[in-house]
There are 2 protein chains.
Amino acid sequence: MAATIRDVARLAGVSPSTVSRALSLPGMVNAATRARVAAAVDQLGYEPNRAARGLITGRTGTIGLVVPDLANPFFASVTKGVQARARRHDVAVFVADTDEDPAAEAGLVRALSKQVDGVILCSPRAGNDELAAIAQDTTVVLVNRAAEGIPGVTYDNEGGMRQAVAHLVALGHQRIAWVGGPATSWSTQHRGLGLRNAAEELRAKLVPVGNFAPTYEGGMAAADQVIATGATAVVAYNDLVAIGLLARLHARGLSVPGDLSVVGVDDIAMSSMARPALTTVRLPKQEAGRIAVELLLTMLDDPESAAASAGAHGELRGELHGELHGELIVRESTGPAPHTQPSE
Amino acid sequence: MAATIRDVARLAGVSPSTVSRALSLPGMVNAATRARVAAAVDQLGYEPNRAARGLITGRTGTIGLVVPDLANPFFASVTKGVQARARRHDVAVFVADTDEDPAAEAGLVRALSKQVDGVILCSPRAGNDELAAIAQDTTVVLVNRAAEGIPGVTYDNEGGMRQAVAHLVALGHQRIAWVGGPATSWSTQHRGLGLRNAAEELRAKLVPVGNFAPTYEGGMAAADQVIATGATAVVAYNDLVAIGLLARLHARGLSVPGDLSVVGVDDIAMSSMARPALTTVRLPKQEAGRIAVELLLTMLDDPESAAASAGAHGELRGELHGELHGELIVRESTGPAPHTQPSE
DNA sequence: ACACAGCTTGCAACCGATTGCAGACTCAAA
DNA sequence: TTTGAGTCTGCAATCGGTTGCAAGCTGTGT
């Protein structure tokens, strides 16, 4: 059906080897023949068969992307970024969704890894040991998580949280609640840490109210506990949680930001549509996907130096670690602290 | 690195051909040898190399999925369905996002088609001729669109719209506005048609207010025109548009559903989080993805009969056409028509 | 004892590319 | 004219499977 390298060779009056070289090592073949080959190529609309090439080179020109839940707008955006950047490099992307099942994750990666050159693991739920095992026999890039010796791209959670706290403190808030996500989540830990530090530094009191599902429902569940803390502001693990909070606070008759200010993280599309529109720390989601692709391709092109710069001297943040910064987007869900002091 | 068929053959004391047959045509090899092969296979953890197999069989075990925008929750859900069902069949999925660019669509499919066995085109923006051309040399399944001779899965838009209108009429609404999506969209056309028929049948007046982007912004843009129609209810092209309407109506000081009832289509997660929660026609999104996969795999397994049943006698809805039904989900955005008659 | 059918198995070609090696050719220097 | 270096090109092996064909073996009927 499709033209093969032999067809091109015949038409150009050369051997298949010459065609192959004309395409991949142009400097090695005479300009005149190269031109004849080029002509034949586009006369026939020839494109090399990837499977055949992969067979001999060992490279498939394909990468895998594993996310917990495609229906979560955060991961959808990351996927969009990955996919767009991969296309630029003429690399195809296998997308797999674990349905938030940590157990499925390792198996999925293992299955995928036989068909791809490398894998991007977004917000992996697996344990550190498991992750290390996976990275042992597959080229892996992490998104939204750092792990010893594995390249990845993460967000500067500390910086983002600092902006949020500074904003709230400037508005007069002194007692700030924190609704964490899943306890095992790397992001939860680092956001919590960043909040604690920022609060201490800016002389505000941080009140953690526990760990909740990173969803709208999680936010609904947390709301009443938040109210009970007597805080005048709350930072939520992510925007979905924040929007869940908004809903339940409204149902309980509290006004946002009149009685309570709410801050989220991510800046998903939904956040600007919420009522009141959500103040949030915007994370560059597609950018994370793009960088992950670049990181992965770099590792694949140059495995030894890549491994060296990632693993050398136990330095975690080598060349092969991207860090992205969040940006506080102020909308309607934050305002001055209420004058009436909360019961203390 | 990984075990090859030769390794297995050596360990089992047979030839590679026998191993191959033991795996793909078990009936053809002696039970005893088959057992020895099986033992060798899982001792070595052997898995056939897909590229090599694909080279000779011409099948890659991969399908492509093309969507206009992954960040749109509707398409994210379809993708989720496709991906999950494909995995069950041990088929991998290439996902590509056209960024709502109709021009990019054809090119993308063409590039993809060389690497996959078939393509699922979700809500294609391309023209009918272009679509036919694509289907000419690639196995294609359409989602959210019907086209002569190409298998696909669509929604019963007419039925869904009928439910919406019946609901509104029962609430006393007699003048219903319709905010359409992109004019060239197949869904827009069929939803409009369904509404027109239902309205006529149920003696309500349908007032189309034009075509808008299928987004939150589109809804914001349409809102004032909707108000100007004097309608007491409005059906939006999809939930994003409906939520945009909600926002702008609120800004204009109208109460929903007090002054105006709003109905969307899709039932994306965001809809139940909107305020007021959105009444909408729920479409089974993941189901559409799953069926599309089944359809595609059927065609691939049995091209001639598939082609026959899809194209024969110009019958569009052959065996290879799935139709899914919507379900009206009543929430808070619809209520009785206001007593004060709108100026007529 | 022979022929023949039926069941298993192996040989070898092949899918479509890439690449090490060697041969052909050009041209300059001796 | 011969030699040698340098450039360009082709041959043939190879990647890891699949499959048509033929050969080996067993068992049955004559």
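Small disclaimer: the values here were computed from a predicted structure and weren't measured. Residue numbers begin at 1 in each chain, while the letters A, B, ... track the order of the sequences.
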**Message:** Any salt bridge linking A:D301 with A:R59? Criterion: basic side-chain nitrogen under 4.0 Å from a carboxylate oxygen.
**Reply:**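 So A:D301 pairs with A:R59 through a salt bridge.
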**Request:** Using atom CZ of B:R10 as one end and atom P of C:dT9 as the other, report the distance to the nearest whole Å.
**Result:**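 Checked: the CZ to P distance equals 19 Å.
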**For atom CG of A:D7 and atom C1' of C:dG16, their distance in whole Å** = 11 Å
**Request:** Could you check whether the rings of A:Y155 and A:F74 sit parallel, tilted or perpendicular, using 30° and 60° as the cut-offs?
**Result:** perpendicular
**Asked** How far does CG of B:L70 sit from NZ of A:K80, to the nearest 0.5 angstrom?
**Response** 6.5 Å
**Item:** Spacing of CG belonging to B:L108 relative to CD1 belonging to B:I134, to within rounding of 0.5 Å
**Value:**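 Here the interatomic distance stands at 10.0 Å.
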**Message:** Tell me which residues in residues 40-58 of chain A lie within less than 4.0 Å of DNA chain D, going by non-hydrogen atoms.
**Reply:**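 Contacts with DNA chain D under 4.0 Å: A:L55, A:I56.
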**Request:** Output the residues of residues 13-34 of chain B in contact with DNA chain D, where contact means a heavy atom of the residue under 4.0 Å from an atom of the strand; sort by number or write none.
**Result:**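 When residues 13-34 of chain B is checked for heavy atoms under 4.0 Å from DNA chain D, the hits, listed by number, are B:S17, B:S20, B:R21.
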**Request:** Examine distances only and state if a side-chain atom of A:S20 and a backbone atom of A:P16 form a donor-acceptor pair shorter than 3.5 Å.
**Result:** no
**Complete:** Nearest heavy-atom contact between B:A22 and B:V37 is CB-CG1, 3.9 Å
**Asked** Do you know the tightest heavy-atom contact between A:A71 and B:A76?
**Response**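 The answer is CA-CB, 4.3 Å.
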**Prompt:** Testing B:N144, B:L142, B:V78 for side-chain contact (heavy atoms from CB on, under 4.5 Å) with B:S123, which one passes?
**Reply:** B:N144
